[in-house]
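Since the structure comes first, as structure tokens, the remarks are kept for the end.
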Amino acid sequence: KTITSHRLEVQAVLLSFICSCQTAHSPFTSPEADSTLIIDKVEVSATKAPYTAPVLKGELGIMLVDDSGKDSYDGKEYLNVRFTAEGDGICRPEREVLLSTTEARLYSYYPYSGTITDLRNIPIDLSSDASTDHMYGTPVTDLNNLNPNAAITMNHALAAINISLIKGKYSGPGVVTDISVYGKGIARKAILDATTGILRDFTDIAAEIRIPTDFRLQSGTAQNNYLIVIPTGESSPFTIKVTIDGMEFF
């Protein structure tokens with residue numbers, strides 16, 4: 001009995017030693033190994049319009065930085081890397097983004113543009129398209145190789161005006177071909193800092209912001225028309241102009 005017990009103890013010690021060696025040398029459990037950044041959720045902050053989906057679907061841009069004061073991470077540049085959010089929890093990168101033991105901060109914006117070279121200076125121009133929402137992500141911090149999963153919350157950078165139209169007692173065909181707004185509290189161009197969400201350098205203030213349309217008014221159903229506008233921070237009334245059957249209504 002004594003000999004049997006001694007043999008069992010020896011075997012247990014050997015097995016423990018073998019397991020500890022395997023763990024120490026396993027490349028999959030090394031705390032020094034790089035990990036791939038995973039964006040597993042892109043939520044959208046609550047709003048009434050126009051982007052009403054709670055989860056983003058589309059292309060967004062990200063920037064990964066450390067505390068060096070440079071727009072880089074561990075000496076590598078991850079500036080305006082495109083990710084495609086599928087809307088089902090899957091977010092695919094255009095290239096691999098690697099995390100080391102160095103802590104990282106993640107900045108993001110939507111919609112993605114390949115011309116962006118600085119996420120602190122994103123130009124917004126509504127001259128030709130006032131229907132696209134522009135958003136910036138709440139910064140994600142404390143990312144590293146042991147914590148590579150990021151959940152982003154997108155915030156609305158601009159404002160939306162909903163012009164709801166219904167035919168009512170109007171006797172004409174009711175063909176709507178143009179809808180626009182303008183006022184001193186609204187700009188058509190600005191610069192967005194996606195790291196803070198701050199808008200600045202407003203231009204084309206009080207210029208018309210329009211959405212070309214081509215639909216007929218309905219008698220029983222109101223039709224919503226959302227225009228994205230850049231708020232300047234000034235409280236001021238604005239004018240709505242609608243072109244119906246070739247006539248302008250204010």
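Worth knowing before you read on, the calculation uses all heavy atoms, side chains too, and leaves out hydrogens, waters and symmetry mates.
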Qualifying residues under side chain to side chain donor-acceptor pair (under 3.5 Å), relative to [X], sequence neighbours excluded:
| X | result |
| --- | --- |
| Glu96 | Thr36 |
| Asp34 | none |
| Ser72 | none |

Under the side-chain contact (heavy atoms from CB on, under 4.5 Å) rule, collect the residues that match up with [X], sequence neighbours excluded.
| X | result |
| --- | --- |
| Ile90 | Glu86, Asp88, Arg92 |
| Lys189 | Asp125, Ser127, Thr203, Asp204 |
| Pro148 | Ser35, Leu99 |
| Ile116 | Asn80, Tyr109, Ser113, Leu119, Ile122, Pro123 |

Going by the rule salt bridge (charged side-chain N to carboxylate O under 4.0 Å, His left out), which residues pair with [X] if we only count those two or more places apart in sequence or in a different chain?
| X | value |
| --- | --- |
| Lys76 | none |
| Asp178 | Arg210 |
| Glu234 | none |

Does Lys41, at its NZ atom, have more than 12 non-hydrogen atoms belonging to other residues, nucleotides or ligands within less than 6.0 Å? no

Go through the steps for Thr196 and Tyr136 under the test side-chain hydrogen bond (donor to acceptor under 3.5 Å, both in side chains), then give the verdict. CA-CA 8 Å; Thr196 63; Tyr136 65 95; over 6 Å; no

Side chains of Ile179 and Leu165, heavy atoms from C-beta outward: is any pair under 4.5 Å? yes

For Tyr182, which fellow cluster members are found when Ile, Leu, Val, Met, Phe, Trp and Tyr are connected by side-chain heavy-atom distances below 4.5 angstrom, either directly or through intermediates?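 Phe250, which link up through side-chain heavy atoms under 4.5 Å apart, make up the rest of the cluster.
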
Calculate, to the nearest 0.5 Å, the distance between atoms CD1 and CG belonging to Ile39 and Leu37 respectively. 5.0 Å

For residues 62-70, please give each side-chain donor-acceptor pair under 3.5 Å, one per line with the distance, not counting sequence neighbours.
residue, atom, partner, partner atom, Å
Asp66, OD1, Ser68, N, 3.0
Asp66, OD1, Ser68, OG, 2.6
Asp66, OD2, Asp74, N, 2.9
Asp67, OD1, Arg105, NH1, 2.6
Ser68, OG, Lys70, N, 3.3

